[in-house]
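The structure appears below as C-alpha cells.
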Amino acid sequence: MSPTPPQKPERSEPTIGKETPVPSNFIRSIVEEDCRTGKWDGRVATRFPPEPNGYLHIGHAKSICLNFGLAADFNGTCNLRFDDTNPLKEDVEYVDSIKEDVRWLGFDWQDREYYASDYFQQLYDYAVQLIHKGLAYVDDLNADEIREYRGTLTEPGRESPWRNRPVEENLDLFHRMREGEFPDGSRVLRAKIDMASPNLLMRDPTLYRIRKASHHRTGDAWCIYPMYDFTHCLSDSIEHITHSVCTLEFENNRELYDWVLARLDVYHPQQIEFARLNLTYTVLSKRKLIALVENGVVQGWDDPRMPTISGMRRRGYPPEAIRNFCDRIGVARRDSLVDFALLEFCVREYLNRHAPRVMAVLDPLKVVIENWPEGRTEEMEAVNNPEDPAAGTRKVPFSGTLFIERDDFREEPPRKFFRLAPGREVRLRYAYFIRCTDVIKDPDTGEVVELRCTYDPETRGGDAPDGRKVKATLHWVSASHAADAEVRLYEHLFAEERPGEAADFLTTVRPDSLRTVAAKVEPGLTGAEPGSRWQFERLGYFCVDPGDGESGRLVFNRTVTLRDTWAKIAKKTKISG
RNA sequence: UGGGGCGUCGUCAAGUGGUAAGACACAGGAUUUUGGUUCCUGCAUUCGGAGGUUCGAAUCCUCCCGCCCCAGCCA
C-alpha cells in the first residue's frame, strides 16, 4: 500500500510587502515630515550597513525592517552597504551569509550593493584634504600613549607632541604610511579637534591606522585602513543617504560625523538613533554570539537555538513572522527588553494559518486494539489545515497496533486530566473511540509498555451515533505504517531572562536546551522537503532540518510548541507532567 | 562624579495642555474531533519622585532619583 504523498509543505515566498500596516514611530514621523516639507526634495534614501564580521541576528532584523521598510513605504531606496574597514575581523563568508539572510527576510537591494572598501581611494583623498586644511595630523604616539594622552571622563586630555607638525610633513608622512614605509602601530592619522572636549570622541580621534593585512575585497592594495567613524559618515555622504538610521550608542559619534562632514563641506545626511533590540532569554551582542560558537556551546551560527537569522530559519521561523515581530516591537529611544513570548506569538500566528497538520508521536506508547480485525488497515480522512479549507484532506492509515503519546495515558489520572486511563474512553483523531481495558507493564521496572484497548466500530471518523462524548482527542500513528524520524526539541539556550547581565553569561547556559527523541510520524511525511514546516497536532510546529536530512533520514527541529493549557494546569496544581 | 541619552501596566508601546490607545503576557468564561485556533471579559483614578504654572498637566517649569552610552590604532 503506498502512503499518501506528502502534502504541499508550507514554504515562504520572499515578499517585500507588509502583511499588516506598520505602526508608526518617531522615525517614520520625521521622514513623513521631511517628505512633506521637501527637505530632501522628497527623496528617501536609507541603508543597512553591517560589518561582515559575524552573522546577522534578530536585532539586525529590526534595523533591516526599519530601513528597507522606510524605503519601501516612502518610495525610496535602501542600500546594502558593508562597512568593511577592518580586514583582521572580516571575511567573505560573512558577506555571503548577510546577503542570504537579508534576501531570505524578504528584502531586495537590487543593484545597490556597496562596500565601504570601494570608497578607500575617495576616503584617502578626503583625509588628505583635512591635512591640507590643518585639520588632521600624523601622530607618532603608540596606542598606549594615545590612551594616556586622551584623559578621562572627568579630566581633559593633553595634546600630542606631534600635533602641530607642518602640513607638508603630515602630507609626506601620511603618503609614506600608505606606501608601507612604517610598521603596524607606529603611526596614525588623527583629526585635530579638541583634546579638552567633554565628548571623548572629539579628543583628536584616530582616522587611519596602519594594518599590513590583506583585505577580503581589496587584497593588498592598502596597508592603511580608515577607522569606522571616518568611513561611516562619509560613506553615507557619498551614497547621498537622507536618513542615516542607527542605534543609540552612536549618538555620541554624531558630533564627530557632523565635524567631518562640515569640514569637508560635503553632503550631510541626517542621523537618527533608535534603541537596539534586547530579547529575554538570549544574548545579541556579537562578542557573546561568537563566544557561543567558538566555545562549542552551540553547533554553529545557524544552530536553531541561536538568535541569528540563519538559526531562526533552520529552527523554522518564517520570515513573515520575523517581519511582523519587528513591526510589533516598535521603534523608540528607550532601552527595552522584549519578551521572547512575543516572537513566539508571531511565529505561531503565522504557522497556525499556513502549516499543514500532521500526526507524530514523540514518545511512543504501544496500543493494541484487541477487537480490531486481524490484519485490517483502514484509510482515515484527515483535514490538512482547519484554518485553510483550500489545504484539503489526506488519508492516514489506521490499524490494530498503534502508537500514542506516553503523556496521553495515566494509570492514575489526576484531577482535570482528560486523556486516556484504565477504563476510560477517548477519541483517536479522525479515527475511532477507544477504551483502555488493560495495562501491560515490564515485570522488572514496572514501566507501562503497552495498552490493550477496544474500539467502537460505530465511531469511525470520530463521532458516536449515540451522541456520547469523550473529553479528549489523541493523536496517533499506525505502528506498522509509521515512519521513523529524529526530532530535536529545543528550549531557550539560557536559563536566565537576562543572561547578558550575569558575571559570566556562559554559566547561565541550560544543559538541556536540546533534547533529541526518536519519533514515529505518519507515513505521508516520508520525503518531506527540507525546510518545510508542519504542525504536529497537539504538540507544536516542526521544520524539516535543511542540513541533516541527507541519506533519507527524516530530521525535524521543533520551531515552537503549541500553547499548552494542560501544562499550565498541571504546573499550577503541582501535578508533574 | 565630564558629556550625551532615557524614564507611561509584568513586557513592548501610543499619547506632544483637555481629563491614560493597542499588542504580548496573565486571569476568568464560551465554542471546539488539536487542553490548538476563534470569541467574549478582566487587567495603569495613574504616567520615576517632589514641588510649581494652569480652570485643567503624562504632556510646560524647577529640583531630586534611577537606568543606558562614551576613555579601541573595534564597529
Side-chain angles (χ1 to χ4, degrees), chain A residues 23-25 49-51 53-54 83-86 88-90 139 141-143 146-148 150-157 184-190 196-203 205-211 224-225 227-229 231-232 247-255 273 275 280 286-287 328-346 348-349 352-353 357 359 382-383 386-387 416-419 427-431 433 459 461-463 469-475 497 535-540 561-570:
Chain A
S24 195
N25 56 60
E51 184 195 14
N53 71 337
D83 274 343
D84 54 350
T85 56
N86 186 353
L88 263 25
K89 293 188 174 173
E90 297 152 6
D139 195 345
L141 257 29
N142 65 37
I146 286 180
R147 189 185 322 117
E148 266 173 52
R150 185 153 31 226
T152 67
L153 293 178
T154 51
E155 303 157 28
D184 284 15
S186 60
R187 279 180 236 261
V188 293
L189 181 75
R190 291 229 255 169
S197 172
N199 180 351
L200 303 222
L201 286 166
M202 297 299 275
R203 318 243 264 226
T206 299
L207 266 22
Y208 267 89
R209 75 288 217 187
I210 302 170
R211 263 220 209 324
I224 57 172
Y225 291 93
M227 296 291 290
Y228 170 82
D229 283 328
T231 307
H232 186 78
T247 44
L248 245 29
E249 66 268 28
F250 290 104
E251 188 149 29
N252 295 321
N253 305 50
R254 195 174 62 216
E255 188 180 0
E273 308 88 7
T280 56
K286 215 173 255 185
R287 200 208 103 232
R328 280 172 185 259
I329 55 178
V331 178
R333 287 177 66 86
R334 70 181 81 111
D335 292 323
S336 63
L337 178 65
V338 176
D339 194 340
F340 200 91
L342 178 60
L343 215 206
E344 294 188 322
F345 170 83
C346 293
R348 289 191 187 104
E349 181 182 53
N352 175 51
R353 282 184 281 118
R357 319 279 121 138
M359 291 193 284
V383 173
E387 306 297 320
K416 292 186 180 173
F417 181 89
F418 304 146
R419 282 108 97 145
R427 171 168 40 231
L428 292 180
R429 176 143 240 226
Y430 301 125
F433 284 13
T459 57
D463 282 307
K469 302 287 183 199
V470 289
K471 295 190 83 172
T473 299
L474 310 187
H475 59 277
E497 203 168 59
Q535 183 195 104
F536 288 179
E537 293 221 33
R538 304 209 304 134
L539 297 173
T561 60
L562 250 28
R563 274 186 69 224
D564 190 346
T565 308
W566 164 244
K568 268 182 209 165
I569 295 170

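Only this structure's heavy atoms are used, side chains among them; waters, hydrogens and symmetry mates stay out. Throughout, a chain's letter reflects where its sequence line sits, starting with A, and its residues are numbered from 1. If you're wondering where the values come from, they're calculated on a predicted model, not measured in any experiment.
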B:G72 phosphate, OP1 or OP2, under 4.0 Å from A:Arg150 side-chain N/O
yes
Using the P atom as the point on both nucleotides, what is the distance between B:U46 and B:G51, in whole Å?
14 Å
Using a 4.0 Å heavy-atom cut-off, does A:Ala143 contact any base of the nucleic acid, only the sugar-phosphate backbone, or nothing at all?
base
Is any side-chain heavy atom of A:Pro205 closer than 4.5 Å to one of A:Met227?
no
Please determine, by modelled atom types, if A:Thr473 and A:Arg429 share a side-chain donor-acceptor pair under 3.5 angstrom.
no
Describe the nucleic acid contact of A:Phe536 in one word from base, sugar-phosphate, nothing, applying a heavy-atom distance below 4.0 Å.
nothing
Answer with base, sugar-phosphate or nothing: what part of the nucleic acid does A:Val338 contact at a heavy-atom distance below 4.0 Å?
sugar-phosphate
Would you say A:Thr85 reaches B:A75's phosphate, i.e. side-chain N/O to OP1/OP2 under 4.0 Å?
yes
Select base, sugar-phosphate, or nothing to describe what A:Asn53 touches, counting heavy atoms under 4.0 Å on all strands.
nothing
Any base atoms under 4.0 Å from A:Gln535, or only sugar-phosphate, or nothing? Heavy atoms, all strands.
base
A side-chain contact here means heavy atoms from C-beta on lying under 4.5 Å apart; do A:Gln535 and A:Leu562 qualify?
yes
Need one value for A:Asn253: base, sugar-phosphate or nothing, where a base atom within 4.0 Å counts as base even if backbone is also close, heavy atoms only.
base
Does a side-chain N or O from A:Arg187 land closer than 4.0 Å to OP1 or OP2 of B:C73, or not?
no
Which base sits across from B:C39 as a Watson-Crick or G-U pair, both distances under 3.5 Å?
B:G29
Between CZ of A:Arg333 and CG of A:Asn25, what distance do you get to the nearest 0.5 Å?
12.5 Å
For the residue pair A:Phe417 and A:Trp566, categorise the inter-ring angle as parallel (less than 30°), tilted (30 to 60°) or perpendicular (more than 60°).
perpendicular
Does the B:G35 base have a donor-acceptor partner in the side chain of A:Arg419 within less than 3.5 Å?
yes
Which one is paired to B:C12, where only Watson-Crick or G-U wobble pairs with both distances under 3.5 angstrom count?
B:G22
Any donor-acceptor N/O pair under 3.5 Å between B:G36 base and A:Glu387 side chain
yes
What is the distance, rounded to the nearest whole Å, between atom CG of A:Leu342 and atom P of B:A25?
8 Å
Looking only at the side chain of A:Asn25 (C-beta and beyond, no hydrogens), which of the listed nucleotides B:A13, B:A14, B:U34 gets closest?
B:A14
Just how far, in rounded Å, is C1' of B:C67 from CG of A:Asp335?
7 Å
Looking across every strand, which nucleic acid part, if any, lies under 4.0 Å from A:Asp463 by heavy atom: base, sugar-phosphate, or nothing?
base
Rounded off to whole Å, could you give me the CZ-to-P distance for the A:Arg203 and B:G72 pair?
11 Å
Watson-Crick or G-U counterpart of B:C47, or none if no pair lies under 3.5 Å:
none
May I ask you to verify if any side-chain N or O of A:Arg334 is less than 4.0 angstrom from the OP1 or OP2 atom of B:G7?
yes
About how many Å separate CZ of A:Arg203 and CZ of A:Arg150, when rounded to the nearest 0.5 Å?
8.5 Å
Distance, nearest 0.5 Å, that separates CZ of A:Phe340 from OG1 of A:Thr280:
7.0 Å
For atom C1', what is the distance between B:U8 and B:A14, given to the nearest Å?
10 Å
B:G66: syn or anti, per glycosidic angle within 90° of 0:
anti
On a whole-Å scale, what distance lies between the C1' atoms belonging to B:A50 and B:A57?
15 Å
Using a cut-off of 4.0 Å on non-hydrogen atoms, how would the nucleic acid contact of A:Phe345 be classed: base, sugar-phosphate, or nothing?
sugar-phosphate
Nearest-angstrom distance, P atom, B:C47 to B:A58:
7 Å
Let's test this: given Watson-Crick or G-U wobble pairing with both distances under 3.5 Å, identify the partner of B:C60.
B:G52
Contact under 4.0 Å: A:Arg254 side-chain N or O vs B:G4 OP1/OP2:
no
Between B:G5, B:C70, B:G72, which nucleotide has the shortest distance from any of its atoms to the side chain of A:Leu153?
B:C70
For the side chain of A:Asn252 and the base of B:C69, is some donor closer than 3.5 Å to an acceptor across the two?
yes
Quick one: label A:Leu337 by what it contacts on the DNA or RNA (base, sugar-phosphate, nothing), any heavy atom closer than 4.0 Å.
sugar-phosphate
Using the side-chain heavy atoms of A:Ala332, tell me which of these nucleotides is nearest: B:A14, B:G10, B:C70.
B:A14
Mind checking the C1' distance from B:G49 to B:G36? Whole angstroms is fine.
46 Å
Considering only the P atoms, how many Å lie between B:A21 and B:U45, rounded to the nearest integer?
12 Å
How far, in whole Å, is B:G5 from B:C9 if one measures between their C1' atoms?
24 Å
Say we look at B:C43 and B:G22: how far apart would their P atoms be, to the nearest angstrom?
11 Å
Measure CD/A:Glu51 against P/B:G72 and give the value in whole Å, please.
18 Å
Return the pairing partner of B:G7 with a 3.5 Å limit on both distances, Watson-Crick or G-U wobble; otherwise return none.
B:C65
Using a heavy-atom cut-off of under 4.0 Å over every strand shown, decide if A:Tyr430 touches base, sugar-phosphate, or nothing.
base
Mind calculating the distance between CZ (A:Phe340) and C1' (B:U11) to the nearest angstrom?
14 Å
Presence of A:Lys568 side-chain N/O under 4.0 Å of B:C26 phosphate oxygens OP1/OP2
yes
State whether A:Ser24 places a side-chain N or O below 4.0 Å from either non-bridging phosphate oxygen (OP1 or OP2) of B:A14.
no
If only side-chain N and O atoms of A:Arg333 are considered, is one of them under 4.0 Å from the OP1 or OP2 phosphate oxygen of B:C69?
no
Kindly indicate whether the side chain of A:Leu189, heavy atoms from C-beta on, has any atom under 4.5 Å from the side chain of A:Ile224.
no
Does OP1 or OP2 of B:A13 have a side-chain N or O of A:Arg328 closer than 4.0 Å?
no
Taking any heavy-atom pair under 4.0 Å as a contact, classify A:Tyr208: base, sugar-phosphate, or nothing.
nothing
Looking across every strand, which nucleic acid part, if any, lies under 4.0 Å from A:Glu537 by heavy atom: base, sugar-phosphate, or nothing?
base
Looking at CG of A:Asn86 and CZ of A:Arg209, how far apart are the two atoms once the value is rounded to the nearest 0.5 Å?
5.0 Å
If you look at every strand shown and take non-hydrogen atoms under 4.0 Å, does A:Thr152 touch a base, only sugar-phosphate, or nothing?
base
Sugar-phosphate, base or nothing in reach of A:Thr280, heavy atoms under 4.0 Å:
nothing
Less than 4.0 angstrom from a charged side-chain N to a carboxylate O is my criterion; do A:Lys89 and A:Glu51 meet it?
no
